[in-house]
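Inspection log for the structure reproduced underneath, given as structure tokens.
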Number of protein chains: 2
Amino acid sequence: MSPNLSVAEENYIKSIYHLQQDAESVTTNALADHIKTKPASVTDMLKKLQLKNLLNYNPYKGFRLSKEGNKAALNIIRRHRLWEYFLVNQLQFNWDEVHDVAEQLEHVISRKLVDKLDAFLGYPKFDPHGDPIPDGNGKINYQQQMPLINLPLNTAAIITSVQNQSSDLLAFLSNRDMHIGTKVEVKQKLNFDNSLEVKIKNKQSFHVSEQVANAIQVNPL
Amino acid sequence: MSPNLSVAEENYIKSIYHLQQDAESVTTNALADHIKTKPASVTDMLKKLQLKNLLNYNPYKGFRLSKEGNKAALNIIRRHRLWEYFLVNQLQFNWDEVHDVAEQLEHVISRKLVDKLDAFLGYPKFDPHGDPIPDGNGKINYQQQMPLINLPLNTAAIITSVQNQSSDLLAFLSNRDMHIGTKVEVKQKLNFDNSLEVKIKNKQSFHVSEQVANAIQVNPL
DNA sequence: ATTTATTTTTAGACAAACCTAAAAAAAATT
DNA sequence: AATTTTTTTTAGGTTTGTCTAAAAATAAAT
């Protein structure tokens with residue numbers, strides 16, 4: 001059923017999965033960019049994945065993961081997020097330090113390992129960045145959430161996730177005491193650069209750029 | 001200082017380390033056998049490791065790890081054994097199930113990960129098979145031990161390690177209640193096949209083949 | 001001390017995953 | 001609708017780590 005995948009193949013599948021979340025179909029250049037390789041290399045790999053029935057590929061038109069490819073992606077994401085949870089909650093890593101290590105750990109292939117890790121961690125539902133962890137059958141529960149930048153003014157909301165793995169950004173958020181679960185409110189929207197004036201708890205309000213406000217996902221109370 | 005090593009290179013280094021424990025120098029064929037590859041492939045890799053100053057290589061004569069190669073090996077072994085300890089003591093794997101997974105985990109490269117794992121586990125000194133875990137500086141403390149087959153008759157001894165990762169053998173030992181720390185005594189040596197009659201605790205004595213008796217290491221009380 | 005057998009190395013190929021440069025297809029512009 | 005630009009694919013090369021077959025070196029046996 002599930003064929004053995006190389007690390008390279010897994011990385012392609014994972015990237016395609018993420019890219020196709022916000023688009024009908026994925027393009028060669030977008031994937032090349034995302035995976036930091038050249039378009040020609042992407043084309044090579046697309047053919048390979050197509051041949052393995054992991055991809056629906058229309059030359060020159062774009063591509064999406066097949067049903068089977070999707071399942072494979074969710075498996076990789078499951079491993080990645082469980083390891084991130086382990087690193088933060090057991091090994092005391094900061095949430096801005098875990099991404100690169102989890103990128104390696106996710107390629108360790110053992111169903112038993114993943115299931116036992118899951119049990120050991122107490123079947124967590126979300127990783128340290130607030131992203132949902134797929135279960136052993138590839139079922140994933142997306143949260144209802146919106147980017148902070150779309151939150152109406154003076155409306156209390158809870159930070160549910162951060163859609164950016166940059167350790168600089170994550171450290172910046174920690175520094176401002178913005179974590180998953182933190183209550184926020186937007187006090188002001190500055191139109192010339194789309195930045196926000198944000199307030200949490202009883203602290204003084206502070207400034208947040210458009211990029212950051214796009215990465216922070218919230219759920220209004 | 002320490003160059004980045006591929007998984008293949010790490011596997012060669014680890015195998016050479018183990019082979020040179022019981023020999024002056026290692027031969028191409030022995031390594032090819034151990035690593036399940038062909039002698040020609042070994043020769044190729046030897047040249048590469050020599051070039052990276054990890055190996056002292058005399059064509060046609062044999063080879064040993066250099067000082068730097070040894071350090072690299074101990075690092076790999078440290079990672080392998082810490083993960084084995086984690087799998088058994090945290091994730092509840094049996095000692096006969098951990099080898100293959102640890103073979104994958106040992107190639108995850110992050111100094112911080114290894115050190116935090118070590119701390120999380122409480123700086124264990126021995127892995128589940130009784131082998132010593134090198135510290136962060138590559139220092140390793142070998143135990144005083146001898147193969148069970150050399151233990152004099154009717155002399156109580158403690159099992160200190162098992163020098164064989166075969167899951168069949170390990171499951172066999174578990175089944176006979178022979179674990180690290182178990183007290184054993186040899187009741188009889190059968191000369192026609194070098195097998196032993198062994199007794200533990202107040203259980204009935206049982207039979208152990210030459211191969212098994214060679215793998216079990218003990219320390220007389 | 002030759003000859004024979006074994007071990008090791010060299011030579012040349014192959015697959016995976018990448019690359020650059022050129023060609024082909026699709027999209028955008030005039 | 002024809003031309004230009006952009007995107008994508010093809011063609012051919014490189015590196016890593018493997019292989020087989022043949023050659024060279026060493027070891028063993030007569």
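These numbers were taken from a predicted model, which means no experiment stands behind them. The figures here come from the full heavy-atom set of this structure, side chains too, leaving out hydrogens, waters and symmetry mates. Naming convention: chains lettered A, B, ... in sequence-line order (proteins, then strands); numbering from 1 in each chain.
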**Item:** Sub-4.0 Å heavy-atom contacts from residues 11-18 of chain B onto DNA chain D, ordered by number
**Value:** B/Y12
**Message:** Just by distance, no angles: are the side chains of A/S195 and A/D193 close enough, under 3.5 Å, to form a donor-acceptor pair?
**Reply:** yes
**Request:** Give A/T28 one of three labels, base, sugar-phosphate or nothing, depending on what nucleic acid heavy atoms sit under 4.0 Å from its own.
**Result:** sugar-phosphate
**Prompt:** Does one side chain, of B/H107 or B/N11, offer a donor that lies under 3.5 Å from an acceptor on the other?
**Reply:** yes
**Request:** Taking only the side-chain heavy atoms of B/A8 (C-beta and beyond), determine which of C/dA17, D/dT18, C/dC18 contains the nearest atom.
**Result:** D/dT18
**Message:** Less than 3.5 Å apart, any donor N or O on the side chain of B/Q163 or B/D131 sitting next to an acceptor on the other?
**Reply:** yes
**Prompt:** Atom NZ of B/K38 to atom C1' of C/dG12: distance rounded to whole Å?
**Reply:** 17 Å
**Request:** Could you check A/K61 against B/V26 and say which one's nearest nucleotide on DNA chain C is further toward the 5' end?
**Result:** B/V26
**Request:** Say whether B/Q145 and B/S161, considering side chains only, have a donor N or O and an acceptor N or O under 3.5 Å apart.
**Result:** yes
**Complete:** Considering only heavy side-chain atoms of B/S41, the closest of C/dT10, D/dT18, C/dC19 is D/dT18
**Message:** Please report the distance, rounded to the nearest Å, between CG in B/D33 and P in C/dT6.
**Reply:** 15 Å
**Fill in**
Per atom distances to the A/T37 side chain, the nearest of D/dG17, C/dA16, C/dC18 is C/dC18
**Complete:** DNA chain C nearest-nucleotide lookup for A/Y60 and A/D44: closer to the 5′ end is A/D44
**Prompt:** When all nucleic acid strands are considered with a 4.0 Å heavy-atom cut-off, which category describes B/F63: base, sugar-phosphate, or nothing?
**Reply:** nothing
**Request:** Looking at every strand, decide which applies to A/P59 at a 4.0 Å heavy-atom threshold: base, sugar-phosphate, or nothing.
**Result:** sugar-phosphate
**Request:** State which of C/dT9, C/dT20, D/dT10 makes the closest approach to the side chain of A/K47.
**Result:** D/dT10
**Prompt:** Within 45° of the six-membered ring axis of A/Y57 and under 6.0 Å from that ring's centre, is NZ or CZ of A/K47 located there?
**Reply:** no
**Prompt:** Within this structure, what is the CE-to-C1' distance between B/M45 and C/dT8, rounded to whole angstrom?
**Reply:** 17 Å
**Prompt:** The side chain of A/T43 lies closest to which of these nucleotides: D/dT9, C/dC18, C/dT8?
**Reply:** D/dT9
**Asked** Would you say the side-chain atoms of B/H99 and B/S167 include a donor-acceptor pair closer than 3.5 Å?
**Response** no
**Asked** Do we see a donor-acceptor contact under 3.5 Å between the side chains of A/T27 and A/N29?
**Response** no
